Amino acid sequence: MAERNNPALGFLSRKSLFSLFTVTSVLFMLSWFFVLQSTGGRPRFIDRGQSPTSKLLATSDAVGGGGRESRNENEVIPSVGNRSILMDGEEEAGEAPGAKADTKCGLPDNSKAAVLKVYMYDLPPEFHFGLLNWKAQGKGVWPDIRTQVPDYPGGLNLQHSIEYWLTLDLLSSEFADSLAGRSAVRVRNSSEADLIFVPFFSSLSYNRYSKANPHRKKSKNKLLQEKLVSYLTAQPEWKRSGGRDHVVVAHHPNSMLDARMKLWPAMFILADFGRYPPNIANVDKDVIAPYKHVIRNYNDDTSGFDSRPTLLYFQGAIYRKDGGYVRQELFYLLKDEKDVHFSFGSVQKDGIRKATQGMQSSKFCLNIAGDTPSSNRLFDAIASHCVPVIISDDIELPYEDVLDYSQFCIFVRASDAIKENFLINFIRSIGKDEWTRMWQRLKEIKNLYEFQYPSKDGDAVQMIWQAVARKVPSIRMKLHKSRRFAHPLGHTESGLISFKSPKNFW
Ligand SMILES: *[C@@H]1O[C@H](CO)[C@@H](O)[C@H](O)[C@H]1NC(C)=O
Ligand SMILES: *[C@@H]1O[C@H](CO)[C@@H](O)[C@H](O)[C@H]1NC(C)=O
């Protein structure tokens with residue numbers, strides 16, 4: 001711990017120097033800007049609703065290397081109402097060099113890419129299927145999924161069930177007749193693996209076992225995380241790479257709350273970065289996975305712009321922490337619009353049926369930042385072919401390196417959305433042709449968000465493995481670099497790598 005503090009302090013003071021410099025420059029630029037504005041019509045800067053300090057911190061984090069992508073800072077914006085400014089990425093979806101676009105989804109063709117080789121720890125069942133009340137017979141730690149696949153609990157638990165689908169896919173890769181359509185395969189020899197997968201069902205552990213037992217101080221969820229950290233850090237695979245080539249699933253924003261601070265060198269599979277410090281998780285190192293939608297798929301959708309009566313649909317909780325104030329502002333702005341459905345209440349039981357109906361009969365579905373930047377509402381909207389309107393400045397989206405969301409989503413900055421009449425005028429200005437193009441695109445891409453067993457080519461499971469595989473070259477490069485001075489007889493004990501703090505690591 002002490003080792004961690006010193007570099008952090010140095011980093012902080014550099015950061016504050018940098019901030020001071022930036023504050024001064026910004027103040028100078030602002031004064032210049034006000035002079036210009038008072039002399040006549042000039043392009044306006046749109047305030048993104050952040051305080052100057054938060055903006056500066058975001059910028060200096062990015063400079064520090066571990067920060068999130070900061071987009072569109074200080075962008076010069078033409079007059080309000082021009083839609084092109086609100087959609088990210090004007091260019092066509094960029095193809096990866098050498099990749100051929102596949103005709104169905106316009107995504108890079110993955111069929112010729114090498115299959116990712118994944119070694120999976122044989123963790124005791126209490127970390128995975130044991131949490132589903134599956135009991136091991138004999139010494140085996142895995143169910144024989146050829147005869148029986150243990151069920152994951154339904155309801156809202158399923159939103160974060162990513163851990164379960166990925167584990168099942170690895171298990172089943174051993175029985176597959178062919179690797180066609182597969183992006184990852186389990187290997188038994190860790191030296192031959194590209195990556196090491198940690199099969200802990202962390203979201204389920206959080207959802208079900210985070211209440212402390214009255215007789216013990218710690219919850220089962222906390223204990224499992226402690227056990228996991230001691231197990232992992234004792235493995236030769238972990239020591240070989242310092243954990244860098246490990247894949248840890250922590251999709252529920254509160255899962256792995258304790259272990260994340262110790263396992264940060266690993267690649268995390270997350271819903272968003274909302275509750276992570278940027279040096280623990282960030283877009284460079286980690287992978288964003290979709291939620292599993294709770295609203296059922298709209299199959300055989302023959303609806304259209306004219307047959308969906310509701311213009312804009314939102315259903316969600318009202319009082320949320322952090323970014324939630326936008327929800328309340330929007331409610332007051334939109335509550336009197338006739339063709340807008342805006343109501344508060346969570347999606348439970350009967351709620352799911354109503355929300356299904358509501359989204360399937362709406363043209364646009366609102367996704368507003370709640371207590372975290374992401375929510376499963378977006379994936380419910382996609383499953384309903386309801387064009388998502390995303391108001392969440394810090395949202396990170398799954399597979400965005402290969403998928404252009406501006407083709408089927410509308411993005412509005414929070415600071416714009418809460419201006420009077422801005423959002424409603426903007427939505428009303430989107431015509432039938434444009435809406436229909438987005439609706440078509442939604443139908444083409446919705447399969448990318450489908451979790452199922454057995455997994456099929458191009459579904460969420462395969463897309464996540466591919467996103468993970470795209471991180472492998474940079475992991476290798478960092479590993480190789482870190483080995484430059486790790487001689488077997490040299491100063492690093494037994495050639496193993498140990499990283500003292502996120503700062504040294506990056
Ligand atoms: C919107 O902005 C773009 C880029 O500045 C400009 O080319 C276009 O003419 C504008 N469209 C409208 C309708 O104002
Ligand atoms: C695992 O793979 C490595 C490298 O290919 C090889 O040297 C080693 O013998 C293998 N171990 C086993 C147990 O097969």
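Residue numbers start at 1 and run along the sequence shown. For ligands, and for the atoms within them, numbers begin at 1 and follow the listed sequence. Computed from a predicted structure; not experimentally measured.
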| task | Indicate whether the side chain of E450 and that of H293 have a donor and an acceptor atom separated by less than 3.5 Å. | result | yes
| remark: Chain-and-number sorted residues having a heavy-atom contact under 4.0 Å with ligand 2 are N189, S191, E192
| field | Distance under 6.0 Å and angle within 45° of ring axis: R260 vs F268 | value | no
| said: Show every salt bridge (charged side-chain N to carboxylate O under 4.0 Å, His left out) that has at least one partner inside residues 147-160, sequence neighbours left out. | reply: none
| Partners passing ring pair (Phe, Tyr, Trp, His ring centres under 6.0 Å) against F379 (at least two apart in sequence or in another chain) | Y291, Y449
| Non-neighbouring partners of A289 that pass side-chain contact (heavy atoms from CB on, under 4.5 Å), sequence neighbours left out | I162, H251, I269, I464
| query | Relative to the ring of Y164, is the ring of Y152 parallel (under 30°), tilted (30 to 60°) or perpendicular (over 60°)? | reply | tilted
